[in-house]
2 protein chains.
Amino acid sequence: MITRLAEEVTLRPRNGSIRDVARQAGVSIATVSRVFNDAASVSPDTRARIIDAAALLSYEPSSLGRNLVRGRSYLVGLIVPNISVPLYGTMLHGIEDVLAQHKMSALLGSSLDRSDTEIQVAQGLLGHSVDAGIVINSRVGVALPVQRMPDWVHISPEIADLPYRVELDNEKGGRLAALELLAAGHRAIGYVGAVGRESAERERGFAQELALAGLDYRRATGDYSETSGLEAGQEMLREPLDAVFVAGDLMAAGVLRALHDAGLSVPSQVAVIGFDDSLIAPLLYPRLTSVRQPAYEMGAAAAQLALDLINQKPATPKTFMPQIVRRESTRAFS
Amino acid sequence: MITRLAEEVTLRPRNGSIRDVARQAGVSIATVSRVFNDAASVSPDTRARIIDAAALLSYEPSSLGRNLVRGRSYLVGLIVPNISVPLYGTMLHGIEDVLAQHKMSALLGSSLDRSDTEIQVAQGLLGHSVDAGIVINSRVGVALPVQRMPDWVHISPEIADLPYRVELDNEKGGRLAALELLAAGHRAIGYVGAVGRESAERERGFAQELALAGLDYRRATGDYSETSGLEAGQEMLREPLDAVFVAGDLMAAGVLRALHDAGLSVPSQVAVIGFDDSLIAPLLYPRLTSVRQPAYEMGAAAAQLALDLINQKPATPKTFMPQIVRRESTRAFS
DNA sequence: TTGTACGCGTTATCAT
DNA sequence: ATGATAACGCGTACAA
């Protein structure tokens with residue numbers, strides 16, 4: 001890849017280098033380096049002199065030089081479809097916390113919701129010599145991992161068989177939702193899903209539990225947006241309905257609105273369960289019961305996986321279990 | 001700062017270096033470098049040979065070496081109180097887009113909502129030799145900018161007199177809200193604010209317009225959380241109320257809930273205007289009218305400011321104008 | 001147009 | 001415990 005940069009400016013801060021400190025302290029640069037790295041085998045006296053000299057010149061080792069000689073950047077690249085999606089934000093939070101504990105940092109590479117540029121974004125990150133990479137919700141498929149980043153960590157429910165992945169047991173999530181609605185005595189039940197593997201797995205678990213109870217269910221398909229949820233809700237209401245399980249909180253917001261608009265009260269006439277338990281769930285009216293996806297923990301696990309890969313430790317994929325968070329959009333039962 | 005890293009592993013990818021390409025193409029490394037940098041003065045013939053050789057060895061210039069010799073990292077550090085806040089996410093989006101256009105990347109340094117660690121976070125970013133920095137909503141005060149990052153860009157409404165800042169005209173925002181409510185004929189008006197400069201400015205503009213109309217208003221104070229909005233709403237309702245202006249969308253969600261709980265309908269009995277127009281505004285019930293803060297554009301402007309600083313171009317602070325986004329929580333008027 | 005050679009700031013090896 | 005010194009990969013005078 002040929003890179004041309006416009007408006008180039010060379011920044012030579014001319015901050016004191018390790019040599020200046022060595023001269024100031026009357027020692028060799030090797031000793032200075034030792035003080036800042038492997039604390040061992042340097043006498044308390046010279047160590048003090050070096051610390052003083054460094055403080056005097058307000059010296060700090062340059063990561064530029066260090067990275068070159070060590071052959072690593074202490075950077076982990078992140079590919080996120082859209083940073084402003086709250087669920088992803090929470091995952092980033094988990095990633096960032098774990099990386100920070102290991103003196104590493106997260107390099108942002110948003111893929112701008114255009115999956116065709118995802119590889120470009122990855123190459124941009126690679127151009128910064130990232131030590132590892134984490135991809136959230138990629139839809140590019142195998143093209144991305146097989147090329148130059150075979151050991152990137154994925155939180156990408158749409159793609160199966162990734163070697164290093166952190167995932168949610170979506171089927172279990174669907175089962176939890178079904179059990180919750182069944183326990184509350186609902187019988188005329190609907191599912192609002194979306195295209196793709198993630199929704200399919202949630203539906204599978206949901207359908208299994210309903211089948212066990214001898215029940216069928218109606219279904220509608222959206223695209224995780226509120227608008228699509230509104231339409232799906234309207235479609236569902238053409239026939240009597242007891243309860244709905246919606247594969248995403250944002251879509252659930254749309255379903256709730258459809259119910260309001262139809263004059264139906266939630267949960268006394270229709271119960272609603274969303275998915276993700278993103279931060280909008282407790283803000284909806286009524287507050288939305290939702291299948292919680294432990295986004296922070298999943299992010300943290302992905303970061304840990306990336307660190308293990310960097311340190312060449314055994315890195316095994318991890319699956320998280322969802323959990324029902326009960327709020328006002330479902331009836332209490334005892 | 002003395003850095004000690006546990007579980008260190010040296011990664012020498014042994015990817016082909018510039019030397020290998022030079023050998024393969026039968027030229028000197030200088031010529032190879034020229035091909036990948038200043039496109040000029042290299043014959044089409046040798047250029048082609050070099051490109052081929054590079055492709056053969058799948059060579060790409062190492063940013064590690066390049067950064068060292070150029071003395072810059074092509075990184076911009078970001079300090080964000082909490083990445084999962086949607087408004088900040090949108091700002092990051094704007095920052096990221098502009099940086100990417102200039103082959104730079106955003107290095108995340110979340111300050112974890114603990115302002116006392118903000119300086120640590122900044123030092124962590126500095127440890128990566130970032131070329132510039134952007135601080136969102138800092139509450140640390142002057143301590144941060146004056147030290148080692150005097151030229152960092154701020155989107156921090158709580159701190160005045162920052163040299164490089166991107167801000168919203170909050171006073172104007174308050175004025176817009178007041179005018180909107182006055183035009184709809186409301187007279188018993190309330191303001192729900194919070195502690196700090198940002199809320200004070202919004203209130204100032206709001207109060208000015210009300211005073212011009214010969215009106216007084218009641219006030220309550222929260223902390224931008226939904227819970228505090230709920231409480232503030234309940235407090236306000238002890239006396240009759242026509243309309244409320246709330247200094248944040250999340251707090252407005254709480255106020256809406258207080259109104260619901262009191263059996264008041266919005267907007268026919270009480271109108272509500274929020275602030276920020278974050279992505280929760282259209283999800284609330286009813287959909288919240290809000291004073292829009294152009295978060296994406298503000299992020300983009302901050303990134304541009306940072307780039308100007310890096311390139312030593314004149315960098316002037318920028319102020320954005322808010323705008324009313326009308327939805328269902330206020331009455332239409334003609 | 002191309003090559004030589006030095007320097008960027010650091011770590012790490014090998015002496016001492 | 002400390003010091004020389006050779007890398008690391010690249011950009012760029014300066015020379016040819």
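Remember, predicted model here, so these are calculated numbers, not experimental data. Protein chains get the first letters and strands the later ones, always in sequence-line order, with residue 1 at the start of each.
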Which nucleotide in C:dG9, D:dC10, D:dA4 has an atom nearest any side-chain atom of A:Val69: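 From the listed options, C:dG9 comes nearest.
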Closest to side chain of B:Ser17, choosing from D:dG9, D:dT12, C:dG9: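 Within the option list, the nearest is D:dG9.
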Interatomic distance where [atom1] belongs to [X] and [atom2] belongs to [N] [whole Å]:
{"X": "B:Asp20", "N": "D:dC10", "atom1": "CG", "atom2": "P", "result": "9 Å"}
{"X": "A:Arg23", "N": "D:dG3", "atom1": "CZ", "atom2": "C1'", "result": "16 Å"}
{"X": "A:Ile29", "N": "C:dT13", "atom1": "CD1", "atom2": "P", "result": "15 Å"}
{"X": "A:Ile50", "N": "D:dA1", "atom1": "CD1", "atom2": "P", "result": "13 Å"}
{"X": "B:Ile18", "N": "C:dC6", "atom1": "CD1", "atom2": "P", "result": "18 Å"}
{"X": "B:Asn67", "N": "D:dC10", "atom1": "CG", "atom2": "P", "result": "11 Å"}
{"X": "B:Arg70", "N": "D:dC8", "atom1": "CZ", "atom2": "P", "result": "21 Å"}

Short side-chain donor-acceptor distance under 3.5 Å, B:Tyr88 and B:Asn137: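 A pair is found: one side chain offers a donor N or O, the other an acceptor, under 3.5 Å apart.
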Qualifying residue, where the test is side chain to side chain contact (heavy atoms under 4.5 Å, CB included) with A:Val166 and the options are A:Ile136, A:Leu305, A:Ile134: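 Considering A:Ile136, A:Leu305, A:Ile134, a side chain to side chain contact (heavy atoms under 4.5 Å, CB included) with A:Val166 is found only for A:Leu305.
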Looking at every strand, decide which applies to [X] at a 4.0 Å heavy-atom threshold: base, sugar-phosphate, or nothing.
{"X": "B:Ser33", "value": "base"}
{"X": "A:Ser41", "value": "base"}
{"X": "A:Ser63", "value": "nothing"}
{"X": "A:Leu64", "value": "nothing"}

Face-on cation placement of A:Arg72 at A:Tyr74 ring, 6.0 Å and 45° thresholds: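 Yes, a cation-pi geometry.
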Parallel, tilted or perpendicular: rings of B:His93 and B:Tyr296 (30°, 60°):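 It falls in the tilted class, 30° to 60°.
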